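Order of listing sets the numbers, starting from 1, for every ligand and every atom in it. It should be emphasised that the depicted structure is a prediction, and the values quoted were computed from it without experimental measurement.
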Amino acid sequence: MSQRTCLSVILAAGEGTRMKSALPKVLHQIAGLPMVAHVVKAAEAAGASDVALVIGHGADEMRRAAAKFAPEAETFVQDKRLGTAHAVLAAREAISKGYDDVLVMFGDTPLIDAQALATARRKLAEGAAVAVIGFRPPNPAGYGRLIEQAGRLVAIREEKDCSEAEKKIGFCNAGMMAVAGKHALQLLDAVGNKNAKGEYYLTDIVEIASAQGLDVVATEASFESALGINNRAELAQAEAIWQQRRRHEAMLSGVTLIAPETVYFSHDTEIGADTIVEPNVWFGPGVMVASGAKIHAFSHIEGAIVASNCDVGPFARLRPGADLRNKAKVGNFCEVKQAVIEEGAKVNHLTYIGDARVGAGANIGAGTITCNYDGYSKFFTDIGEGAFIGSNSSLVAPVTIGNGGYIASGSVITESVPDDALAFGRARQKTIPGKGKELRERFASAAAAKKKAAGTDH
Ligand code: UD1
Ligand code: CA
(Lines give C-alpha, C1' and ligand atoms only; values in the text may rest on other atoms or scores of the structure.)
(Ligands and ions follow the chains in the order given, each with its own letter.)
Protein backbone atom coordinates (compact mmCIF):
# COMPACT_ATOMS: atom_id res chain seq x y z
CA MET A 1 0.00 0.00 0.00
CA SER A 2 2.86 2.31 0.81
CA GLN A 3 3.58 2.79 -2.88
CA ARG A 4 0.05 4.17 -3.44
CA THR A 5 -0.08 7.95 -3.35
CA CYS A 6 -2.64 9.51 -1.05
CA LEU A 7 -4.23 12.93 -0.65
CA SER A 8 -6.25 13.72 2.42
CA VAL A 9 -9.04 16.28 1.96
CA ILE A 10 -10.11 17.61 5.34
CA LEU A 11 -13.41 19.48 5.49
CA ALA A 12 -13.36 22.33 7.94
CA ALA A 13 -15.42 25.12 6.41
CA GLY A 14 -18.36 24.90 8.79
CA GLU A 15 -19.08 27.54 11.39
CA GLY A 16 -19.81 25.30 14.34
CA THR A 17 -22.48 27.60 15.79
CA ARG A 18 -23.17 25.22 18.65
CA MET A 19 -19.73 25.83 20.09
CA LYS A 20 -20.93 29.41 20.77
CA SER A 21 -17.44 30.66 20.15
CA ALA A 22 -15.52 33.37 18.33
CA LEU A 23 -12.96 30.69 17.48
CA PRO A 24 -13.66 28.44 14.47
CA LYS A 25 -14.90 25.09 15.80
CA VAL A 26 -12.05 22.94 14.54
CA LEU A 27 -9.47 25.17 16.25
CA HIS A 28 -10.78 24.25 19.69
CA GLN A 29 -8.16 22.10 21.30
CA ILE A 30 -7.85 18.57 22.53
CA ALA A 31 -4.74 17.85 24.59
CA GLY A 32 -3.45 21.31 23.68
CA LEU A 33 -3.70 20.81 19.91
CA PRO A 34 -6.51 22.05 17.61
CA MET A 35 -8.88 19.20 16.82
CA VAL A 36 -8.26 19.59 13.09
CA ALA A 37 -4.54 19.10 13.75
CA HIS A 38 -5.35 15.73 15.31
CA VAL A 39 -7.17 14.87 12.08
CA VAL A 40 -4.14 15.89 10.01
CA LYS A 41 -1.90 13.71 12.20
CA ALA A 42 -4.18 10.71 11.72
CA ALA A 43 -4.22 11.26 7.96
CA GLU A 44 -0.43 11.41 7.86
CA ALA A 45 -0.14 8.33 10.04
CA ALA A 46 -2.41 6.53 7.56
CA GLY A 47 0.01 7.40 4.79
CA ALA A 48 -1.40 10.60 3.30
CA SER A 49 1.53 12.49 1.83
CA ASP A 50 -0.47 15.60 0.99
CA VAL A 51 -3.20 17.44 2.85
CA ALA A 52 -5.86 19.72 1.39
CA LEU A 53 -7.66 21.70 4.03
CA VAL A 54 -11.06 23.08 3.00
CA ILE A 55 -11.80 26.22 4.98
CA GLY A 56 -14.53 28.85 4.88
CA HIS A 57 -15.72 30.25 8.16
CA GLY A 58 -12.87 32.15 9.84
CA ALA A 59 -10.62 31.49 6.85
CA ASP A 60 -7.86 33.91 7.89
CA GLU A 61 -7.66 32.50 11.37
CA MET A 62 -7.70 28.98 9.97
CA ARG A 63 -4.86 29.79 7.57
CA ARG A 64 -2.76 31.29 10.36
CA ALA A 65 -3.35 28.27 12.57
CA ALA A 66 -2.71 25.78 9.76
CA ALA A 67 0.63 27.45 9.03
CA LYS A 68 1.67 26.25 12.48
CA PHE A 69 0.15 22.79 12.84
CA ALA A 70 0.34 21.71 9.19
CA PRO A 71 2.67 24.06 7.31
CA GLU A 72 2.77 21.67 4.37
CA ALA A 73 -1.02 21.57 3.97
CA GLU A 74 -2.65 23.46 1.12
CA THR A 75 -5.77 25.43 1.97
CA PHE A 76 -8.83 25.81 -0.26
CA VAL A 77 -11.68 28.19 0.46
CA GLN A 78 -15.27 27.04 0.10
CA ASP A 79 -17.16 30.33 -0.15
CA LYS A 80 -20.69 29.02 0.17
CA ARG A 81 -21.48 25.99 2.29
CA LEU A 82 -23.48 23.97 -0.22
CA GLY A 83 -22.76 20.55 1.26
CA THR A 84 -19.99 18.04 1.85
CA ALA A 85 -19.56 17.05 -1.83
CA HIS A 86 -19.34 20.71 -2.78
CA ALA A 87 -16.77 21.17 -0.01
CA VAL A 88 -14.58 18.34 -1.31
CA LEU A 89 -14.75 19.87 -4.79
CA ALA A 90 -13.27 23.10 -3.41
CA ALA A 91 -10.05 21.07 -3.45
CA ARG A 92 -10.56 20.06 -7.10
CA GLU A 93 -7.14 21.40 -8.06
CA ALA A 94 -5.42 19.12 -5.55
CA ILE A 95 -7.55 16.07 -6.40
CA SER A 96 -6.93 16.51 -10.12
CA LYS A 97 -3.18 16.07 -9.59
CA GLY A 98 -4.06 12.39 -9.73
CA TYR A 99 -3.59 10.46 -6.51
CA ASP A 100 -4.24 6.76 -6.12
CA ASP A 101 -6.28 7.36 -2.96
CA VAL A 102 -8.27 10.34 -1.75
CA LEU A 103 -9.17 10.24 1.93
CA VAL A 104 -12.05 12.53 2.81
CA MET A 105 -12.13 13.47 6.47
CA PHE A 106 -13.94 15.90 8.74
CA GLY A 107 -12.03 18.46 10.77
CA ASP A 108 -14.38 17.99 13.72
CA THR A 109 -13.76 14.26 14.20
CA PRO A 110 -10.51 14.42 16.15
CA LEU A 111 -10.33 10.90 17.57
CA ILE A 112 -10.27 9.13 14.23
CA ASP A 113 -7.49 6.60 14.38
CA ALA A 114 -5.03 5.96 11.61
CA GLN A 115 -5.95 2.28 11.72
CA ALA A 116 -9.51 2.91 10.51
CA LEU A 117 -8.22 5.09 7.66
CA ALA A 118 -5.60 2.55 6.69
CA THR A 119 -8.25 -0.17 6.58
CA ALA A 120 -10.32 1.92 4.16
CA ARG A 121 -7.25 2.54 2.01
CA ARG A 122 -6.52 -1.17 1.92
CA LYS A 123 -9.98 -1.72 0.40
CA LEU A 124 -9.03 0.65 -2.43
CA ALA A 125 -5.80 -1.26 -2.94
CA GLU A 126 -7.94 -4.39 -3.25
CA GLY A 127 -9.98 -2.79 -6.01
CA ALA A 128 -12.83 -0.86 -4.39
CA ALA A 129 -13.73 2.55 -5.85
CA VAL A 130 -15.20 3.82 -2.59
CA ALA A 131 -14.62 2.57 0.98
CA VAL A 132 -16.90 4.19 3.54
CA ILE A 133 -16.01 4.18 7.22
CA GLY A 134 -19.06 3.10 9.17
CA PHE A 135 -19.75 2.81 12.88
CA ARG A 136 -22.53 1.82 15.26
CA PRO A 137 -23.42 4.71 17.55
CA PRO A 138 -25.56 4.00 20.64
CA ASN A 139 -28.12 6.38 19.15
CA PRO A 140 -28.09 6.58 15.34
CA ALA A 141 -30.39 9.61 15.16
CA GLY A 142 -28.91 12.35 12.98
CA TYR A 143 -26.42 10.13 11.14
CA GLY A 144 -26.52 8.91 7.56
CA ARG A 145 -27.50 5.22 7.38
CA LEU A 146 -25.54 2.67 5.38
CA ILE A 147 -27.96 0.86 3.09
CA GLU A 148 -26.71 -2.59 2.17
CA GLN A 149 -28.15 -5.08 -0.28
CA ALA A 150 -26.89 -8.64 -0.44
CA GLY A 151 -23.88 -7.63 1.62
CA ARG A 152 -22.98 -4.76 -0.66
CA LEU A 153 -23.16 -1.08 0.20
CA VAL A 154 -25.52 0.55 -2.28
CA ALA A 155 -26.36 3.91 -0.73
CA ILE A 156 -26.00 6.24 2.24
CA ARG A 157 -29.23 7.90 3.24
CA GLU A 158 -29.20 11.02 5.38
CA GLU A 159 -31.57 10.82 8.35
CA LYS A 160 -33.89 13.45 6.89
CA ASP A 161 -34.32 11.44 3.70
CA CYS A 162 -34.74 8.05 5.39
CA SER A 163 -37.88 5.93 5.33
CA GLU A 164 -39.11 4.60 8.68
CA ALA A 165 -37.58 1.21 7.90
CA GLU A 166 -34.22 2.78 6.99
CA LYS A 167 -34.19 4.78 10.22
CA LYS A 168 -34.03 1.46 12.09
CA ILE A 169 -30.60 0.68 10.60
CA GLY A 170 -27.87 0.94 13.25
CA PHE A 171 -24.85 0.91 10.93
CA CYS A 172 -24.09 4.58 10.22
CA ASN A 173 -21.78 6.75 8.22
CA ALA A 174 -18.90 8.05 10.32
CA GLY A 175 -18.42 10.69 7.64
CA MET A 176 -15.01 9.70 6.41
CA MET A 177 -14.32 7.69 3.31
CA ALA A 178 -11.58 6.65 0.94
CA VAL A 179 -12.21 7.22 -2.76
CA ALA A 180 -10.09 5.94 -5.62
CA GLY A 181 -8.43 9.00 -7.12
CA LYS A 182 -9.16 7.97 -10.70
CA HIS A 183 -12.93 8.03 -10.01
CA ALA A 184 -13.12 10.83 -7.45
CA LEU A 185 -13.85 13.83 -9.66
CA GLN A 186 -16.37 12.17 -11.97
CA LEU A 187 -18.27 10.79 -8.94
CA LEU A 188 -18.28 14.14 -7.15
CA ASP A 189 -19.32 16.02 -10.29
CA ALA A 190 -22.30 13.69 -10.66
CA VAL A 191 -23.72 14.63 -7.26
CA GLY A 192 -26.91 16.73 -7.33
CA ASN A 193 -28.80 18.50 -4.58
CA LYS A 194 -32.31 17.04 -4.76
CA ASN A 195 -32.72 16.07 -1.12
CA ALA A 196 -34.39 17.31 2.06
CA LYS A 197 -31.66 19.88 2.77
CA GLY A 198 -30.97 20.96 -0.83
CA GLU A 199 -27.27 20.22 -0.33
CA TYR A 200 -24.66 18.44 -2.42
CA TYR A 201 -24.07 15.35 -0.32
CA LEU A 202 -20.72 13.57 -0.46
CA THR A 203 -22.58 10.46 0.63
CA ASP A 204 -24.41 10.34 -2.73
CA ILE A 205 -21.25 9.13 -4.46
CA VAL A 206 -21.98 5.71 -2.97
CA GLU A 207 -25.20 5.33 -4.93
CA ILE A 208 -23.62 6.84 -8.04
CA ALA A 209 -20.60 4.53 -7.95
CA SER A 210 -22.72 1.51 -7.25
CA ALA A 211 -25.02 2.34 -10.21
CA GLN A 212 -21.92 2.52 -12.39
CA GLY A 213 -21.07 -0.99 -11.32
CA LEU A 214 -18.04 0.11 -9.30
CA ASP A 215 -17.11 -1.73 -6.15
CA VAL A 216 -18.29 0.09 -3.00
CA VAL A 217 -17.58 -1.26 0.47
CA ALA A 218 -18.10 -0.32 4.10
CA THR A 219 -15.53 -0.78 6.86
CA GLU A 220 -16.24 -0.41 10.55
CA ALA A 221 -14.60 1.87 13.08
CA SER A 222 -15.24 2.21 16.80
CA PHE A 223 -17.86 4.69 17.98
CA GLU A 224 -15.18 6.68 19.81
CA SER A 225 -13.00 7.14 16.78
CA ALA A 226 -15.95 8.56 14.85
CA LEU A 227 -17.07 10.97 17.55
CA GLY A 228 -17.94 14.31 15.94
CA ILE A 229 -17.63 17.46 18.03
CA ASN A 230 -20.46 19.97 17.84
CA ASN A 231 -20.51 21.56 21.27
CA ARG A 232 -18.28 21.96 24.30
CA ALA A 233 -19.76 19.01 26.11
CA GLU A 234 -18.69 16.77 23.24
CA LEU A 235 -15.32 18.54 23.22
CA ALA A 236 -14.84 17.56 26.87
CA GLN A 237 -16.00 14.03 26.07
CA ALA A 238 -13.39 13.77 23.32
CA GLU A 239 -10.73 15.18 25.64
CA ALA A 240 -11.60 12.54 28.23
CA ILE A 241 -11.36 9.73 25.69
CA TRP A 242 -8.07 11.08 24.36
CA GLN A 243 -6.60 11.32 27.87
CA GLN A 244 -7.75 7.82 28.70
CA ARG A 245 -6.07 6.42 25.59
CA ARG A 246 -2.86 8.33 26.32
CA ARG A 247 -2.69 7.24 29.96
CA HIS A 248 -3.14 3.65 28.94
CA GLU A 249 -0.36 3.98 26.37
CA ALA A 250 1.94 5.62 28.97
CA MET A 251 1.37 2.83 31.47
CA LEU A 252 1.96 0.12 28.89
CA SER A 253 5.21 1.84 27.96
CA GLY A 254 6.47 1.54 31.53
CA VAL A 255 5.30 4.70 33.28
CA THR A 256 3.64 4.30 36.67
CA LEU A 257 0.53 6.43 37.10
CA ILE A 258 -0.77 5.95 40.61
CA ALA A 259 -4.13 7.55 39.84
CA PRO A 260 -4.21 7.65 36.02
CA GLU A 261 -7.57 9.40 35.83
CA THR A 262 -6.05 12.48 37.51
CA VAL A 263 -3.03 12.90 35.24
CA TYR A 264 -3.38 15.08 32.12
CA PHE A 265 -1.08 14.82 29.15
CA SER A 266 -0.55 17.05 26.13
CA HIS A 267 -0.48 15.83 22.55
CA ASP A 268 3.32 15.91 22.58
CA THR A 269 4.22 14.81 26.12
CA GLU A 270 7.17 12.42 26.15
CA ILE A 271 7.74 10.40 29.25
CA GLY A 272 10.30 7.68 29.91
CA ALA A 273 9.95 4.25 31.45
CA ASP A 274 10.17 3.83 35.21
CA THR A 275 9.06 7.36 35.83
CA ILE A 276 6.45 7.56 38.57
CA VAL A 277 3.72 10.15 38.33
CA GLU A 278 1.72 10.79 41.47
CA PRO A 279 -1.92 11.95 41.40
CA ASN A 280 -3.08 15.30 40.01
CA VAL A 281 -0.27 16.21 37.69
CA TRP A 282 -0.73 18.41 34.61
CA PHE A 283 1.54 18.21 31.59
CA GLY A 284 1.17 21.22 29.29
CA PRO A 285 2.67 21.25 25.78
CA GLY A 286 6.35 20.65 25.15
CA VAL A 287 7.33 18.42 28.05
CA MET A 288 9.99 15.72 27.93
CA VAL A 289 10.53 13.58 30.99
CA ALA A 290 13.27 10.98 30.90
CA SER A 291 13.25 7.68 32.72
CA GLY A 292 13.33 7.08 36.43
CA ALA A 293 12.00 10.49 37.42
CA LYS A 294 9.50 11.10 40.19
CA ILE A 295 6.79 13.64 39.55
CA HIS A 296 5.05 14.20 42.85
CA ALA A 297 1.42 15.17 43.31
CA PHE A 298 -0.07 18.47 42.13
CA SER A 299 2.77 19.52 39.86
CA HIS A 300 2.11 21.71 36.82
CA ILE A 301 4.66 21.24 34.05
CA GLU A 302 4.89 22.82 30.59
CA GLY A 303 7.65 23.42 28.06
CA ALA A 304 10.12 21.71 30.36
CA ILE A 305 12.78 19.04 30.19
CA VAL A 306 13.15 16.71 33.15
CA ALA A 307 16.16 14.43 32.93
CA SER A 308 16.45 10.99 34.44
CA ASN A 309 16.12 10.46 38.16
CA CYS A 310 14.94 14.00 38.84
CA ASP A 311 12.54 14.67 41.66
CA VAL A 312 9.80 17.21 41.00
CA GLY A 313 7.14 18.49 43.41
CA PRO A 314 4.82 18.05 45.16
CA PHE A 315 3.28 21.35 44.05
CA ALA A 316 6.09 22.29 41.70
CA ARG A 317 5.58 24.54 38.72
CA LEU A 318 7.93 24.07 35.81
CA ARG A 319 7.38 26.71 33.16
CA PRO A 320 8.73 26.91 29.59
CA GLY A 321 12.49 26.69 29.40
CA ALA A 322 12.90 24.82 32.68
CA ASP A 323 15.70 22.33 32.03
CA LEU A 324 16.39 19.91 34.85
CA ARG A 325 19.50 17.80 34.47
CA ASN A 326 20.08 14.37 36.01
CA LYS A 327 19.08 14.00 39.64
CA ALA A 328 18.08 17.63 40.04
CA LYS A 329 15.39 18.35 42.62
CA VAL A 330 12.67 20.97 42.47
CA GLY A 331 10.48 20.70 45.51
CA ASN A 332 7.26 22.08 46.91
CA PHE A 333 5.97 25.51 45.92
CA CYS A 334 8.91 26.20 43.65
CA GLU A 335 8.60 27.83 40.25
CA VAL A 336 11.29 27.42 37.60
CA LYS A 337 11.22 29.32 34.31
CA GLN A 338 13.83 29.50 31.54
CA ALA A 339 16.51 28.09 33.76
CA VAL A 340 18.90 25.17 33.82
CA ILE A 341 19.10 23.25 37.06
CA GLU A 342 22.28 21.30 36.64
CA GLU A 343 23.06 17.82 37.84
CA GLY A 344 22.14 17.11 41.42
CA ALA A 345 21.26 20.73 42.25
CA LYS A 346 18.47 21.23 44.79
CA VAL A 347 15.75 23.83 44.72
CA ASN A 348 13.63 22.41 47.45
CA HIS A 349 11.23 24.90 48.97
CA LEU A 350 9.22 28.05 48.15
CA THR A 351 11.53 29.45 45.52
CA TYR A 352 11.43 31.28 42.19
CA ILE A 353 14.24 30.57 39.74
CA GLY A 354 13.77 32.47 36.47
CA ASP A 355 16.28 33.26 33.70
CA ALA A 356 19.08 31.50 35.49
CA ARG A 357 21.55 28.71 35.73
CA VAL A 358 21.92 26.75 38.93
CA GLY A 359 25.24 24.92 38.85
CA ALA A 360 25.68 21.24 39.58
CA GLY A 361 25.25 20.32 43.22
CA ALA A 362 24.22 23.83 44.29
CA ASN A 363 21.73 24.16 47.13
CA ILE A 364 19.10 26.85 46.94
CA GLY A 365 17.59 27.65 50.35
CA ALA A 366 13.91 28.08 51.07
CA GLY A 367 12.37 31.29 49.84
CA THR A 368 15.16 32.25 47.44
CA ILE A 369 14.05 34.57 44.65
CA THR A 370 15.91 35.45 41.48
CA CYS A 371 14.77 39.03 40.86
CA ASN A 372 14.93 38.75 37.08
CA TYR A 373 12.64 41.58 35.98
CA ASP A 374 12.76 45.33 36.49
CA GLY A 375 9.39 45.96 34.90
CA TYR A 376 10.95 46.37 31.45
CA SER A 377 13.65 43.78 30.82
CA LYS A 378 14.67 40.35 31.99
CA PHE A 379 18.14 39.67 33.43
CA PHE A 380 20.18 36.55 34.06
CA THR A 381 21.34 35.03 37.33
CA ASP A 382 24.27 32.65 37.18
CA ILE A 383 24.79 30.43 40.20
CA GLY A 384 27.98 28.39 40.17
CA GLU A 385 28.61 24.76 40.97
CA GLY A 386 28.25 23.80 44.60
CA ALA A 387 27.06 27.26 45.63
CA PHE A 388 24.94 27.59 48.75
CA ILE A 389 22.19 30.21 48.78
CA GLY A 390 20.92 30.85 52.33
CA SER A 391 17.18 30.90 52.86
CA ASN A 392 15.11 33.95 52.01
CA SER A 393 17.72 35.54 49.77
CA SER A 394 16.98 37.78 46.81
CA LEU A 395 19.44 37.60 43.95
CA VAL A 396 19.00 40.80 41.97
CA ALA A 397 19.89 40.06 38.34
CA PRO A 398 22.09 40.46 36.47
CA VAL A 399 24.30 38.81 39.05
CA THR A 400 26.76 35.94 39.28
CA ILE A 401 27.45 33.73 42.26
CA GLY A 402 30.76 31.96 41.78
CA ASN A 403 31.42 28.26 42.21
CA GLY A 404 31.20 27.36 45.88
CA GLY A 405 29.89 30.83 46.73
CA TYR A 406 28.07 31.07 50.05
CA ILE A 407 25.23 33.52 50.57
CA ALA A 408 24.09 34.33 54.10
CA SER A 409 20.38 33.83 54.59
CA GLY A 410 18.14 36.85 54.21
CA SER A 411 20.57 38.55 51.85
CA VAL A 412 19.71 40.89 49.03
CA ILE A 413 22.56 40.28 46.60
CA THR A 414 23.10 43.05 44.07
CA GLU A 415 26.77 42.53 43.30
CA SER A 416 28.44 39.44 41.92
CA VAL A 417 30.15 37.11 44.39
CA PRO A 418 33.46 35.45 43.48
CA ASP A 419 34.17 31.70 43.80
CA ASP A 420 34.19 30.41 47.37
CA ALA A 421 33.39 33.82 48.87
CA LEU A 422 30.88 34.41 51.68
CA ALA A 423 28.48 37.29 51.07
CA PHE A 424 26.15 39.03 53.51
CA GLY A 425 23.62 41.39 52.01
CA ARG A 426 21.70 42.38 55.11
CA ALA A 427 22.01 44.60 58.18
CA ARG A 428 23.95 43.14 61.09
CA GLN A 429 21.79 42.01 64.03
CA LYS A 430 21.70 44.23 67.14
CA THR A 431 20.40 42.84 70.47
CA ILE A 432 19.48 45.21 73.35
CA PRO A 433 18.90 43.50 76.73
CA GLY A 434 15.60 44.43 78.49
CA LYS A 435 14.45 46.65 75.64
CA GLY A 436 11.61 44.28 74.65
CA LYS A 437 9.95 44.48 78.03
CA GLU A 438 10.32 48.28 78.16
CA LEU A 439 8.67 48.65 74.74
CA ARG A 440 5.78 46.38 75.70
CA GLU A 441 5.03 48.46 78.80
CA ARG A 442 5.19 51.71 76.87
CA PHE A 443 2.78 50.48 74.22
CA ALA A 444 0.36 49.08 76.83
CA SER A 445 0.06 52.35 78.73
CA ALA A 446 -0.35 54.36 75.52
CA ALA A 447 -3.24 52.09 74.49
CA ALA A 448 -4.88 52.38 77.94
CA ALA A 449 -4.69 56.19 77.86
CA LYS A 450 -6.31 56.27 74.40
CA LYS A 451 -9.19 54.03 75.54
CA LYS A 452 -9.81 56.23 78.61
CA ALA A 453 -9.88 59.42 76.50
CA ALA A 454 -12.42 57.82 74.11
CA GLY A 455 -14.64 56.88 77.11
CA THR A 456 -14.80 60.44 78.55
CA ASP A 457 -15.96 61.87 75.18
CA HIS A 458 -19.51 60.48 75.71
C1 UD1 B 1 -22.32 14.05 7.77
C2 UD1 B 1 -22.70 12.96 6.78
C3 UD1 B 1 -23.50 11.89 7.52
C4 UD1 B 1 -22.67 11.32 8.66
C5 UD1 B 1 -22.20 12.45 9.59
C6 UD1 B 1 -21.23 11.92 10.56
C7 UD1 B 1 -22.98 14.02 4.61
C8 UD1 B 1 -23.93 14.51 3.61
N9 UD1 B 1 -23.49 13.54 5.73
O10 UD1 B 1 -23.53 14.67 8.21
O11 UD1 B 1 -23.85 10.84 6.64
O12 UD1 B 1 -23.41 10.36 9.38
O13 UD1 B 1 -21.56 13.49 8.84
O14 UD1 B 1 -20.89 12.91 11.51
O15 UD1 B 1 -21.79 14.02 4.37
N16 UD1 B 1 -18.69 20.98 5.67
C17 UD1 B 1 -18.07 21.89 4.86
N18 UD1 B 1 -18.77 22.51 3.88
C19 UD1 B 1 -20.09 22.24 3.66
C20 UD1 B 1 -20.74 21.31 4.49
C21 UD1 B 1 -20.01 20.69 5.47
O22 UD1 B 1 -16.88 22.15 5.01
O23 UD1 B 1 -20.65 22.83 2.73
C24 UD1 B 1 -17.92 20.32 6.71
C25 UD1 B 1 -18.40 20.69 8.10
O26 UD1 B 1 -17.67 21.79 8.60
C27 UD1 B 1 -18.14 19.44 8.89
C28 UD1 B 1 -18.26 18.32 7.87
O29 UD1 B 1 -18.13 18.92 6.61
O30 UD1 B 1 -16.82 19.40 9.41
C31 UD1 B 1 -19.58 17.57 7.98
O32 UD1 B 1 -20.65 18.41 7.72
P33 UD1 B 1 -21.98 18.38 8.53
O34 UD1 B 1 -22.90 19.38 8.00
O35 UD1 B 1 -21.69 18.42 9.99
O36 UD1 B 1 -22.55 16.93 8.15
P37 UD1 B 1 -23.60 16.09 8.97
O38 UD1 B 1 -24.94 16.62 8.74
O39 UD1 B 1 -23.13 15.91 10.36
CA1 CA C 1 -21.68 16.92 11.81
Side-chain angles (χ1 to χ4, degrees), residues 8-19 21 23-28 34-40 43 52-59 62 66 75-92 103-112 116 130 132-147 153 155-162 166-167 169-177 179 187-188 191-208 218 220-231 234-235 238:
S8 149
V9 179
I10 298 175
L11 308 190
E15 189 172 358
T17 40
R18 280 174 285 169
M19 293 301 279
S21 176
L23 190 69
K25 173 165 83 172
V26 298
L27 293 185
H28 283 261
M35 58 174 117
V36 60
H38 286 268
V39 177
V40 172
L53 199 55
V54 178
I55 59 176
H57 181 80
M62 285 291 296
T75 52
F76 296 89
V77 176
Q78 183 199 23
D79 284 323
K80 283 188 199 141
R81 250 77 72 207
L82 301 182
T84 43
H86 180 259
V88 178
L89 280 172
R92 180 188 293 276
L103 269 179
V104 179
M105 301 165 73
F106 292 169
D108 63 355
T109 310
L111 299 179
I112 181 67
V130 180
V132 172
I133 299 178
F135 74 128
R136 296 179 194 276
N139 175 14
Y143 291 106
R145 306 300 205 283
L146 302 189
I147 317 280
L153 182 65
I156 301 177
R157 198 93 69 231
E158 290 307 296
E159 165 108 358
K160 283 189 177 157
D161 302 301
C162 275
E166 287 168 341
K167 277 187 189 161
I169 296 171
F171 196 24
C172 296
N173 176 25
M176 292 138 287
M177 57 178 82
V179 185
L187 291 173
L188 288 162
V191 172
N193 65 350
K194 291 202 179 63
N195 51 51
K197 278 169 91 181
E199 284 187 4
Y200 295 87
Y201 287 159
L202 167 66
T203 45
D204 282 356
I205 70 169
V206 167
E207 209 163 348
I208 296 165
E220 188 169 342
S222 67
F223 168 62
E224 290 185 346
S225 69
L227 187 69
I229 310 304
N230 294 305
N231 57 46
E234 287 165 349
L235 182 70

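R157 approaches I147 most closely through the heavy-atom pair CB-CD1, 4.1 Å. For P140 against G170, the heavy-atom pair with the smallest separation is CG-CA, 4.3 Å.
S8 contributes no side-chain N or O that, together with a main-chain N or O of A43, makes up a donor-acceptor pair within less than 3.5 Å.
When heavy-atom distances to ligand 1 are checked against a 4.0 Å cut-off, E199 has no atom that comes that close, whether in backbone or side chain.
Applying the 4.0 Å criterion to heavy atoms of G144 picks out, from ligand 1, the atoms 3 (C), 4 (C), 11 (O), 12 (O). Here is the list of ligand 1 atoms found below 4.0 Å of a heavy atom in T84: 7 (C), 8 (C), 15 (O), 20 (C), 21 (C), 29 (O), 31 (C), 32 (O). Residue-ligand proximity, G14 to ligand 1, at heavy-atom distances under 4.0 Å covers atoms 22 (O), 26 (O). Within ligand 1, counting atoms from 1 as listed, the ones closer than 4.0 Å to a heavy atom of A174 are 6 (C), 14 (O). With ligand atoms numbered from 1 in the order given, ligand 1 contributes 30 (O) to contacts under 4.0 Å with heavy atoms of D108. When each atom of ligand 1 is checked for a heavy atom of L11 under 4.0 Å away, the hits are 22 (O), 24 (C), 29 (O), 30 (O).
Between N195 and K160, the side chains place no donor N or O within less than 3.5 Å of an acceptor N or O (distance only, hydrogens not considered). In the model, E199 has no side-chain atom that pairs as donor or acceptor with a side-chain atom of H86 under 3.5 Å.
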